[in-house]
Amino acid sequence: MTMDKTFDAKTAEPEIYARWEEAGAFRAGANASRPETFSIVIPPPNVTGSLHMGHALNNTLQDILARWKRMQGFDVLWQPGQDHAGIATQMVVERKLAAEGQPSRRELGREKFLEKVWEWKRESGDTIIRQLKRLGASCDWSRNRFTMDEGFHDAVLRVFVGLYKAGLIYRDKRLVNWDPHFETAISDLEVEQVETRGALWRLRYKLADGLTYRHPMVREGEGPDAPLRGWTPADGAPDAWEERDYVVVATTRPETMLGDVAVAVSADDPRYRDLIGKELVLPLANRRIPILADQHADPTKGTGAVKITPAHDFNDFEVGRRHGLPMINVMDTRARLALEGNEDFLRAAAPTPEAMALHGLDRYEARKRILELAEAQGWLDGRDEEVHVVPHGDRSKVAVEPFLTDQWFVDAKALAAEALAAVRDGRTVFHPRSWEKTYFQWLENIEPWCVSRQLWWGHRIPVWYGPDGTPFCEASEDEARAAAEAHYGRPVALERDPDVLDTWFSSGLWPMGTLGWPEDTPELRRYYPTSVLVTGFDIIFFWVARMMMMGLHFMKDAQGRPQVPFRDVYVHALVRDEKGKKMSKSVGNVIDPLDLIDEYGADAVRFTLASMAAMGRDIKLAVGRVAGYRNFATKLWNAARFAQMHGCKPDPAFDPAAARLPLNRWIAGETARLRRDVDAALSDYRFNDAAGALYAHVWGVVCDWYVEMAKPILTGPDGADKDETRAAMAWAIDQCLIMLHPFMPFVTEALWGQIAPRDKMLIHADWPAWGAELEDPAADAEIGWIIALIEGVRSVRAEMNVPPSAKIPLTLVSGGPEAEARIRKSLPLISRLARIETFSVADAAPRGAVTLTLEGAEVCLPLAGVIDAGKEKARLEKALDKLRKEIAGLEKKLSNQSFLAKAPEEVVAEQRERLEAARDEAARLEGAVARAAQMV
RNA sequence: GGGCGCGUAGCUCAGCGGGAGAGCACUACGUUGACAUCGUAGGGGUCGCUGGUUCGAUCCCAGCCGCGCCCA
C-alpha cells in the first residue's frame with residue numbers, strides 16, 4: 001500500500017501520543033540502558049492556566065533534551081507538575097464568582113471560598129496538561145505533582161518550620177508593598193515601576209509658636225523689578241531675603257500628609273540650618289512636628305525640605321528609624337483614609353472637622369480634597385508638573401501602597417551566601433554564562449523576603465498563637481498543641497495565623513519536593529541534583545535563585561555538603577511577535593500555540609521554536625517560518641514515501657561502513673557528520689544549530705541529492721548495486737528519523753511505523769554513535785565533483801535559455817582519464833539530472849561550444865546554433881572578472897611579507913591553494929572567452 | 001543614573017578574526033513517476049557610523065547614533 005502524499009498531523013498526533021502513553025514510554029527510566037541519569041523538573045505552569053508561546057518554547061526545549069537522552073539510553077526523568085499560583089488563581093475565581101452573580105469571597109467565607117477554588121481547579125486543572133500533551137511533551141505523567149497536593153503541602157510547611165527553627169524566618173512589623181486591590185502584601189519582585197505623569201505639590205507648613213525666619217530669594221530675570229523666587233543651591237548669592245512663618249515641603253503624595261511626623265532638611269542647608277530642632281504645625285491635623293537634619297533631605301531637590309511619613313514611604317521609614325519617630329498609619333487595607341478611632345493619628349493632634357471628614361475617602365479622592373483645602377486655607381504654595389515612577393502591583397495593576405503591617409520574612413541574605421558560592425565555583429552553570437551576572441547582582445543586594453500573603457488560596461502559615469500571642473511554629477496542629485502545652489503547662493486554645501505563603505516560597509522547593517522530600521525516597525537519591533533547569537530569564541530572581549537558596553539549605557550529600565538543585569541552568573529568551581513586541585492580550589498580538597498546532601502540526605511548531613532558540617536572543621516569531629517547517633515535514637514524508645515505493649526496506653545486515661558504491665559511502669559519511677554535529681550542538685544547548693544541521697541534511701543532502709542520484713539505480717536493473725542502494729537508502733532515512741525525532745516526534749514516529757515492523761517504537765530507538773569510520777574522503781570528492789558538474793550544466797542551460805525538455809551533448813575537453821572515468825561511471829544520473837543526451841571526449845573544445853570549468857577538468861556543451869555567442873562571451877567574462885578579482889586579492893595577500901611571516905602556516909597554505917585553483921580555472925575561462933570571441 | 005543586550009539581503013534570523021549565509025518573499029523557467037506543502041536557475045548586502053588594535057576586522061577594543069530589556 002502506497003503512503004498518502006502528506007502527513008495528516010491532526011488525526012495522527014493524538015493517536016501516536018496515546019500509543020506512547022499506553023506503552024509507558026515516558027516513565028522514569030524507560031529505555032534506560034546505562035547507569036547515568038538525566039533529570040529535569042518542569043517549570044510548573046499555573047494549574048488553571050493555558051498554554052502560551054512561552055510554555056511552548058520552554059517545553060519544546062525540555063522535550064528535545066529528554067527524548068535525546070532517553071534514546072541515548074540514559075535513565076531519564078522529566079518531572080511534571082503544576083503550581084497553585086496564589087494571587088492569580090484567587091483572582092480568577094473571584095472574577096468568575098462575580099460574573100456568575102454568585103456570593104463574593106467575603107460573603108462565602110474562607111472555607112466555602114476555598115471549596116470553590118478547588119472546584120475550579122478540578123474543572124480546569126487538566127487543561128494545561130492536555131495542551132502540553134498536544135505539544136508532544138514526554139513528561140512522566142504518572143509522577144505529576146501539584147504544589148497544593150498533600151505531600152507537597154507538607155513539604156512546604158516543613159521548610160517553613162525548618163527555616164523558622166534555624167532563625168531564618170521571623171515576624172516583623174515593617175513597611176511592605178501593599179496591594180490595595182488584593183489587600184495583601186507582595187514582595188519587591190511583584191512590583192512594577194511605571195512611569196507616570198504626576199505633579200510635585202508644594203505645601204506650606206507653619207512654624208509653631210509664631211516663629212519666623214529669613215528665607216533667601218533670587219530674581220528671575222534682569223532688573224530690580226523681576227519677580228522673586230526661592231533660592232536654591234544652584235543660584236549663587238541670593239538677591240533678597242523674605243520673612244517667612246512657614247516652611248515649604250514638596251510632595252507627590254499629599255494624601256499621606258496626615259501621617260507626617262517630621263520635616264527633614266539637610267544639616268548644612270543654609271536656608272534651614274537655623275530651624276533644625278524647631279517645630280512646625282501640621283495643617284489639618286494640628287500636630288506639632290519637629291524639623292530635623294537627615295541625609296535623606298536633598299537640598300537640590302524640590303525645596304530642600306521633605307515631609308517625613310514613616311508609615312507610608314520606604315525612605316521615610318528609614319528616617320523614622322534613625323530618629324526614633326512615631327509611625328502613623330492613616331490608611332486602611334483598601335487605601336482609604338482611616339482617621340476615626342485611629343489612636344496613632346489622634347494622639348497629640350487636634351484635627352479640624354474638615355480633616356476628620358476625609359475619613360473613608362479613597363486615597364485619590366483624599367488627595368484632591370486635601371489640595372482643595374490647602375488652596376482654600378492658603379497653604380498650597382504651588383504645583384510643578386513632573387514625570388515620576390510609581391510602583392504598581394504586577395497582577396492588580398494598581399499603585400501599591402507602602403504599608404505598615406506585621407509580616408513574615410525570610411532572612412534571604414543568610415541563604416544567599418551559599419547560592420552565590422555555588423554559581424561562583426561552578427557547581428551550577430548558567431547557559432549562556434552572561435545570566436550569572438544578573439543572578440549575582442540580585443543575590444548580592446538581596447532584601448528580606450516578605451513571604452506572608454493576606455490571601456486564602458495557598459499554604460497556610462504553620463504558626464499557631466497562644467492566648468497571650470506566643471507563636472508556636474510546627475508542621476501540624478497536633479505538634480503545635482503539644483508545644484503549647486509544654487510552654488503553658490496546660491492545654492490552651494490556639495489560633496492559627498490566617499495568612500498564606502508566597503507562591504514562590506513553595507516553588508522554591510520544587511526540585512526536592514517533587515522528588516519526595518522530606519522523605520528519603522529512591523527518586524530523591526537517584527535524580528537529585530537534577531541535570532538541567534530550562535527556564536526563561538524573567539524568573540531568574542523569582543524562581544531560580546530561590547530554588548538555589550532552598551535546595552542548598554535543605555539538601556546535603558553524605559558528607560553533609562549542600563547539594564545544588566540543578567547542575568545547568570539553560571536560560572531561554574522570551575517569545576515576541578514578529579516586530580519584537582512582547583505578546584500581550586491588550587495589544588492583541590498574541591499568537592496561540594494551539595492555533596498553530598491546529599494549522600501546521602505540533603512538529604512544525606516545535607521545529608520552528610527550536611530553530612529560533614539561539615542562545616541569548618529574543619525570539620521574534622514569524623508565522624511564515626512555521627509553514628516552512630511544516631513543508632519540511634512533508635518533504636521528509638515524501639522522501640520516505642519514495643523509498644517505500646522503490647522497495648527500500650531496513651536491512652539489519654546492512655553495514656554502512658562496508659558499502660561499496662561511492663554514493664552510498666558518501667551518504668554514510670554525511671550521516672556520520674550529522675550525528676556528530678547534532679550531538680555537539682545539543683550538548684551545548686545550541687538547539688538552533690542542531691535544528692539547522694538536520695534541516696540542511698534532510699532537505700539539502702538526502703532529498704536534493706541522495707534520492708536524486710539513487711534514482712537511476714533504483715529504477716534500473718536488479719543486481720548488487722540496487723540491493724545495496726535499497727538498504728542504504730532505508731538506513732539513511734532511518735537515521736534521519738532517529739535524529740529528527742527529538743525535534744519532530746510525531747511525524748518521525750509515524751514514518752518509523754509505516755516503513756517496517758519494528759521491535760521498539762522510535763521514541764525508544766537507539767541513538768547512533770556513528771563516527772569517522774563512516775567517512776570516506778574519496779567518495780566525498782567524487783560525489784562532490786559530480787554535483788558540481790550537474791550544477792554547472794544546469795546553470796549554463798538556464799542562462800543560455802536551453803529549453804528544459806531539450807537533451808544536449810556533453811564533451812570532456814581536459815581532465816584526463818580520472819575525470820572521464822568519473823563521468824562514465826555516473827553517466828546515467830548525470831544524464832538524468834543535467835538532461836544530457838550523449839557523452840564524448842575531445843582534445844579541444846569544438847567551435848561554438850559553451851565551456852564549463854570544474855576542479856581539475858574542463859567540459860563543454862556543444863551548443864552551436866542553439867546559443868547566442870555574444871551572450872556566452874558575456875557570461876564567461878563575468879565569471880572571469882569575478883575570478884580575477886579574487887586572484888588579485890589573493891596575490892596581494894601572498895606578496896605581503898607581514899602576512900607570510902605572521903599568519904599561521906595553514907592559513908598561508910590555504911590561500912596558496914585557493915590562488916592556484918583560481919588561476920587554473922581562470923586559464924580555462926580565458927581560453928573559452930577567446931573561442932567565444934571568434935564566433936561573434 | 002547603573003547594568004545587560006541588539007542593529008548583517010525587502011522580512012525573520014544564523015555566523016562572530018582569514019572565501020558574506022539560511023528560510024521566507026521576489027524574478028524566470030518547469031506536469032523528468034517521492035513531494036506544486038514541489039523542482040531548477042537567478043537577482044539582491046560599503047555586515048548602523050567613526051576611529052583604533054592586527055599581516056588581515058562583519059567578527060576584538062573605544063566613541064557615537066538608533067532600538068530593546070532589567071535594576072535604582
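Since the structure is predicted, the reported quantities are computational estimates derived from the model, not experimental observations. Side-chain atoms are counted along with the backbone in the values below, which use heavy atoms only and exclude waters and symmetry mates. Below, chain A is the first sequence line, B the second, and so on; all start at residue 1.
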Searching all strands shown, indicate the nucleotide that pairs with [N] (Watson-Crick or G-U wobble; both distances under 3.5 Å).
N	value
B:A62	B:U50
B:A28	B:U40
B:C67	B:G5

[X] [atom1] - [N] [atom2] separation (whole Å):
X	N	atom1	atom2	value
A:Arg686	B:C16	CZ	C1'	14 Å
A:Arg630	B:U37	CZ	C1'	5 Å
A:Glu891	B:G18	CD	P	22 Å
A:Lys882	B:G42	NZ	P	10 Å
A:Phe314	B:A72	CZ	C1'	14 Å
A:Lys885	B:A20	NZ	P	13 Å
A:Lys5	B:U37	NZ	C1'	12 Å
A:Glu708	B:C38	CD	P	15 Å

Check the interface with nucleotides 26-33 of chain B: list each N/O to N/O pair with the protein under 3.5 Å, or write none.
none

- Query: With sugar-phosphate meaning primed atoms plus P, OP1 and OP2, does A:Arg914 contact a base, only sugar-phosphate, or nothing at under 4.0 Å between heavy atoms?
  - Reply: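 The residue A:Arg914 makes base contact.
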
Base, sugar-phosphate alone, or nothing: which one does A:Gln911 contact when heavy atoms must sit under 4.0 Å apart?
->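 Here A:Gln911 touches the backbone only, sparing every base.
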
Mind running side-chain contact (heavy atoms from CB on, under 4.5 Å) on A:Arg835 and A:Arg797 for me, showing each step along the way?
CA-CA 10 Å; A:Arg835 314 274 311 148; A:Arg797 291 178 61 115; 3.1 Å; yes

Just to verify, which of A:Phe537, A:Phe687, A:Tyr685 counts as forming a ring-ring contact (aromatic ring centres under 6.0 Å, His included) with A:His431?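 Exactly one candidate clears the test, A:Tyr685.
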
Residue-phosphate contact under 4.0 Å: [X] side-chain N/O, [N] OP1/OP2:
X	N	result
A:Trp699	B:G39	yes
A:Asn638	B:U37	no
A:Lys635	B:C35	no
A:Thr6	B:C35	no

What nucleotide among [options] has an atom nearest to a side-chain atom of [X]?
X	options	answer
A:Val707	B:C38, B:G3, B:A34	B:A34
A:Phe537	B:G23, B:C69, B:A14	B:C69
A:Ser795	B:A14, B:A34, B:G42	B:G42
A:Lys437	B:U12, B:C4, B:A34	B:C4

Considering only nitrogen or oxygen atoms on both sides, find all protein atoms under 3.5 Å from nucleotides 51-56 of chain B and state each distance.
| unit_1 | atom_1 | unit_2 | atom_2 | d |
| --- | --- | --- | --- | --- |
| B:C55 | OP1 | A:Lys902 | NZ | 2.3 |
| B:C55 | O2' | A:Asn896 | ND2 | 3.0 |

For [X] and [Y], does a side-chain donor sit closer than 3.5 Å to a side-chain acceptor?
X	Y	result
A:Thr634	A:Asn631	no
A:Thr535	A:Asn58	no
A:Gln735	A:Thr671	no

Aromatic [Y] / basic [X] pairing, under 6.0 angstrom, 45° off normal:
X	Y	value
A:Arg606	A:Phe743	no
A:Arg726	A:Trp731	no
A:Lys711	A:Phe642	yes

Check your understanding: Which is it for A:Trp504 and A:Ile539 under the side-chain contact (heavy atoms from CB on, under 4.5 Å) test, yes or no, and what are the steps along the way?
Key -> CA-CA 10 Å; A:Trp504 296 105; A:Ile539 51 176; 3.9 Å; yes

message = Contact between A:Glu13 and A:Asp603 at the side-chain level, heavy atoms closer than 4.5 Å - yes or no?
response =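 Result yes, sub-4.5 Å side-chain heavy-atom pair found.
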
Would you say the ring centroid of A:Phe7 lies under 6.0 angstrom from that of A:Phe746?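 Not under 6.0 Å, so no.
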
